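Below: one structure, written as structure tokens.
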Amino acid sequence: MANATDALAGRMSEADWLGLVDHEDGEDFVSGLVSEILKSTEDIIYNRYIESQVLPYTVTRAQETMMHVLEWRFLHRDDGETDPTVDPTWLADEEPRPAPTDSWARGVVPVEAAPPPPPTAPTTVGSAASAGAAAATSPRAQFAGRRGLSWRMRDPDDVSEPGVAGGSCASLISERSEEG
């Protein structure tokens, strides 16, 4: 049967367990010290390397910058091509093939022109016959005919309608017929 002081029942006593924990804590402590020493050593070596590279880098960059400034200041003369008519880089390119027409492009769908409206008989402005003809072809008369409504022509001298002076009704009808 297991002892009350056993850390693991029947396998390890509490004293053995504490000895292992102390040994492990000691290894962790030493491992921590070694890693700190290595980290600080790496930092020191890296800083010395950077310090040793600062001067050569600065000299190289300064030299490159001065060379660029001098090259900009004293440009070399371009002698050009010896015979551009023979050089293939100076010859005109071939004309490109036209791209295929996109189905969404403007003008792809053919558009048919609407037939012209039938000619109307010439009418004289101001006569009763012309007023009747104009009223029969006006958009209002056509609309009224479609809906089964009757269109009554007013007498051009009729002033019973408010806002219409005598003689202006016929001119109004002729203006509308010219617009339509």
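Starting from 1, each residue takes its place in the sequence as its number. Just so you know, these numbers come straight off a predicted model, no measurement behind them.
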Hey, what do you get for [atom1] ([X]) to [atom2] ([Y]), rounding to the nearest 0.5 Å?
X	Y	atom1	atom2	value
Y46	I44	OH	CD1	15.0 Å
Q63	H68	CD	NE2	10.5 Å
H76	D78	NE2	CG	11.5 Å
D28	L33	CG	CG	11.0 Å
L70	T65	CG	OG1	11.0 Å

Salt bridge E64-R61, side-chain N to carboxylate O under 4.0 Å: yes
What's the shortest heavy-atom distance between [X] and [Y], and which atoms?
X	Y	answer
V54	T58	O-OG1, 2.7 Å
S35	G32	OG-O, 2.9 Å
L91	T85	CD2-O, 3.4 Å

Taking the side chain as C-beta and beyond, is there a heavy-atom pair between K39 and E36 under 4.5 Å?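 Counting from C-beta outward, K39 and E36 never come under 4.5 Å.
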Give a yes or no on whether E27 atom CD has more than 12 heavy-atom contacts from other residues, nucleotides or ligands under 6.0 Å away.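 More than 12 heavy atoms, drawn from other residues, nucleotides or ligands, come within 6.0 Å of this atom.
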According to a hydrophobic-cluster definition based on side-chain heavy atoms being under 4.5 Å apart (Ile, Leu, Val, Met, Phe, Trp, Tyr only), do V69 and F74 belong together?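 No.
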Is M67 reachable from L75 through a run of I, L, V, M, F, W or Y residues, each pair having side-chain heavy atoms under 4.5 Å apart? no
